[in-house]
Novice: 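Just dropping this structure here.
Note: hydrogens, waters and symmetry copies are ignored here, and every other heavy atom, side chains too, is used. The model shown is predicted, which means the values in this text are computed figures rather than measured ones. Just so you know, ligand 1 is whichever comes first in the structure, and atom 1 is the first atom listed for that ligand.
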Amino acid sequence: MTRREFVRSVGVASAVPGAFMQNDQSPNAANEVQLSQIHGPSEQDEKAPGPFLPTKRRIGYAIVGLGRLSLDQILPAFAVSQYCTPVALVSGDRTKALKIADQYGIDAAGVYGYDSFERLAENPRVDVVYVVLPNGLHAEYVTRAAKIKKHVLCEKPMAVSSQEARTMIRSCKAAGVKLMIAYRQQYEPNNKALRQSIANGALGKVHGFVSSNSQQQGDPTQWRLNLKLAGGGCLPDVGLYCLNAARFLSGEEPSEVSATIWQPRDDPRFTQVEASCSFTLKFPSGLIASCSTSYDVHKSQFLRIEGDQAWAELSPAFAYHGNKLRYSKLQGDMETETAPQIGEKNQFALEMDHFAECILEKKEPHTPGEEGLRDHVIMEAIYQAAHSRKSVVLEA
Ligand code: NAD
C-alpha cells in the first residue's frame with residue numbers, strides 16, 4: 001500500500017459517519033437546518049449540531065440509580081442528544097432525586113423509588129429504562145423493566161455472571177422489548193474510525209494487540225470491591241474495556257485464554273476481589289491480545305494494535321474525552337506517523353441516540369445483550385484460567 005493509499009484509508013475511515021447510527025434515513029432528517037458557508041476553500045464547512053427531534057417526540061429515558069455516572073456523564077449528555085430526553089428518575093434518595101429532577105426539567109411526578117419502580121409502567125413518556133446501578137443489581141432491574149414492557153439500556157458489565165446475562169436476554173425477548181448494553185467505546189469516534197481502518201486494511205494483517213486499563217481504588221467499603229455487587233474486581237469493571245476492544249477492533253472472537261491474577265488479601269481493599277489481572281486472548285487468525293488491568297496503579301489506559309504493514313495506537317483509549325489516535329508505518333526508510341484529527345463527540349449521547357434510533361426504526365442495537373453475554377463467558381474463562389493456571393479453550 002502506498003503512503004497516499006494508507007493516508008486515504010485512514011482519512012476515509014475517520015470521515016465515515018456512524019454506519020450504525022445517524023444514517024441518511026435518520027428519523028429526524030426533515031428537521032435539518034443548513035448554514036450558509038462563508039469560509040474559503042482551505043477551511044472546514046460549518047455544520048450546526050443536530051438535527052434534534054422536538055422534545056415532545058423524543059424517546060423518553062428513565063434513569064435508574066443517581067450515582068456518579070448518572071450525575072457526571074449521563075444526565076448532562078441529554079443536552080447534546082439528538083433524539084432523547086430524560087423524563088423520569090429512580091432513586092433511593094427522594095430529596096436528591098427531586099433536586100436533580102428540577103435541574104433537568106423532569107416533573108416531580110416522574111420521580112420514583114426502587115420500591116415504586118413498577119409504576120414506571122403507567123408513565124407513557126418512559127420508553128427506555130437506563131439501568132445505572134451496581135453490577136449485581138443489573139439483572140434484577142433489567143428483568144423488572146422487561147416485565148413492565150419498557151426497552152432497556154443497561155450499563156456495563158451487563159451482569160455478574162453469564163447465567164444472569166442469559167436470563168436478562170430471555171426476559172427481554174419474552175417481553176418483546178429491546179436490550180442494549182452501554183459499551184460506549186463502540187460508539188466513540190476514534191475507536192470507530194480505528195475499527196473501520198483495520199477493516200479497510202490500513203494495518204495489513206493484524207497479529208498483535210496490547211492494552212491496559214487501570215486505576216487506583218481508594219475506599220475499601222465501596223461496592224466495586226464487594227464480590228456480590230461487582231462480580232469481580234478490576235476485570236469486569238475496567239479490564240472489560242481491553243477485552244471488548246480486542247473483539248470489537250479485530251472483528252474476531254477469541255478461541256483460547258490464559259491469565260494471571262493478583263489478590264493481596266492483607267490489603268483491606270482486596271479481601272473479596274482481585275487487585276490486578278493480566279490475560280492473553282488467542283484468536284483463530286493468529287492474533288494474540290495481551291491485556292492488563294489493575295485497581296492498584298495510577299490511572300493508565302491505552303491500546304496498540306499491530307499489523308504486518310503498520311500499527312495504530314489509542315492513548316488514552318477509553319476516556320470520556322480526549323482519546324487520541326495515531327498510526328505508524330514505514331515509508332521507504334522513514335517511520336512515518338499520522339494522527340487523524342477526529343472531532344470529539346459525547347459518547348453517552350451517541351449511545352443513547354443509537355438506542356433511540358433502534359426503537360424509532362425498529363432495528364436491533366449494535367451492542368445487544370448477546371455482546372455483554374459474550375464478554376461474561378470470556379471473563380469466566382479468564383478467572384478459570386487464572387485459578388487453574390491452565391489455558392482455557394472457548395467454544396466458537
Ligand atoms: P455509583 O456508586 O457512583 O452509583 C451507584 C448508584 O446505585 C448510587 O446512586 C447508589 O445509591 C445506588 N444503589 C442502589 N442500590 C445500591 C446498593 N445496594 N449498593 C450500592 N449502591 C446502590 O456507581 P457508578 O460509578 O455510577 O456505576 C454504576 C454503573 O455504571 C456500574 O454498573 C458501572 O460499572 C457503570 N459505569 C460505567 C461507566 C462507563 O463509562 N460506561 C463508568 C462508570 C460506571
Side-chain angles (χ1 to χ4, degrees), residues 61-77 89-101 111-117 129-142 144-145 152-161 164-165 168 180-188 191 213-215 217-245 248 272-273 293 295 299 301 316-323 345-352 354-355 367 369 371-372 375-376 379:
Y61 273 67
I63 306 298
V64 186
L66 296 181
R68 287 159 194 82
L69 188 68
S70 294
L71 299 195
D72 292 350
Q73 303 298 332
I74 294 169
L75 283 161
L89 302 174
V90 181
S91 168
D93 181 341
R94 188 163 174 83
T95 308
K96 174 168 82 171
L98 285 170
K99 280 187 201 167
I100 302 296
V111 172
Y112 303 80
Y114 296 117
D115 49 359
S116 56
F117 177 92
V129 167
Y130 189 170
V131 178
V132 199
L133 291 166
N135 314 339
L137 300 174
H138 291 182
E140 176 189 338
Y141 282 87
V142 168
R144 285 171 73 177
V152 202
L153 179 56
C154 177
E155 259 311 321
K156 50 55 62 185
M158 180 175 179
V160 294
S161 68
E164 275 193 356
M168 292 156 79
M180 170 170 148
I181 309 305
Y183 283 108
R184 64 178 166 79
Q185 85 272 22
Q186 293 205 27
Y187 301 88
E188 192 272 325
N191 280 268
N213 195 17
S214 298
Q215 62 193 44
Q217 289 296 359
D219 179 6
T221 66
Q222 63 184 293
W223 67 261
R224 277 186 169 77
L225 302 169
N226 174 308
L227 184 59
K228 200 160 165 259
L229 283 172
C234 54
L235 175 62
D237 186 15
V238 285
L240 176 60
Y241 287 86
C242 309
L243 162 59
N244 192 262
F248 167 64
Q272 298 186 33
V273 299
T293 180
Y295 265 172
K299 189 171 180 166
Q301 45 170 247
F318 315 117
Y320 297 144
H321 305 286
N323 292 310
K345 293 214 168 124
N346 185 302
Q347 300 162 46
F348 293 92
L350 289 175
E351 71 183 0
M352 290 192 293
H354 171 67
F355 198 39
T367 50
E371 176 76 0
D375 279 339
H376 276 292
M379 288 193 287

Novice: Any donor and acceptor pair, going by atom type alone, linking the side chain of Arg94 with main-chain N or O of Val111 inside 3.5 Å?
Specialist: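 Yes.
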
Novice: Might you list the protein residues in contact with ligand 1, defined as having a heavy atom under 4.0 Å from one of its atoms, sorted by chain and number?
Specialist: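 Close residues (ligand 1, cut-off 4.0 Å): Leu66, Gly67, Arg68, Leu69, Tyr114, Val132, Leu133, Pro134, Asn135, Leu137, His138, Glu155, Lys156, Pro157, Arg184, Trp223, Arg224, Leu229, Tyr241, Tyr320, Phe348.
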
Novice: A quick test of your reading: do over 12 heavy atoms of other residues, nucleotides or ligands sit less than 6.0 Å from NZ of Lys96?
Specialist: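 Counting neighbours around NZ of Lys96, more than 12 heavy atoms of other residues, nucleotides or ligands fall under 6.0 Å, so yes.
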
Novice: Please evaluate residues Phe355 and Tyr130 with respect to the criterion ring pair (Phe, Tyr, Trp, His ring centres under 6.0 Å), reporting the C-alpha separation (whole Å), side-chain torsions for both, the decisive distance (0.1 Å), and the verdict.
Specialist: CA-CA 11 Å; Phe355 198 39; Tyr130 189 170; 8.9 Å; no

Novice: Hey, does Met379 have a side-chain heavy atom less than 4.5 Å from the side chain of Leu243?
Specialist: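 Side-chain contact under 4.5 Å: yes.
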
Novice: Please step through ring pair (Phe, Tyr, Trp, His ring centres under 6.0 Å) for the pair Tyr141 and Tyr114, ending with a clear verdict.
Specialist: CA-CA 9 Å; Tyr141 282 87; Tyr114 296 117; 5.8 Å; yes

Novice: Using salt bridge (charged side-chain N to carboxylate O under 4.0 Å, His left out), reason through Asp237 and Lys156 one step at a time and then give a plain yes or no.
Specialist: CA-CA 8 Å; Asp237 186 15; Lys156 50 55 62 185; 3.1 Å; yes

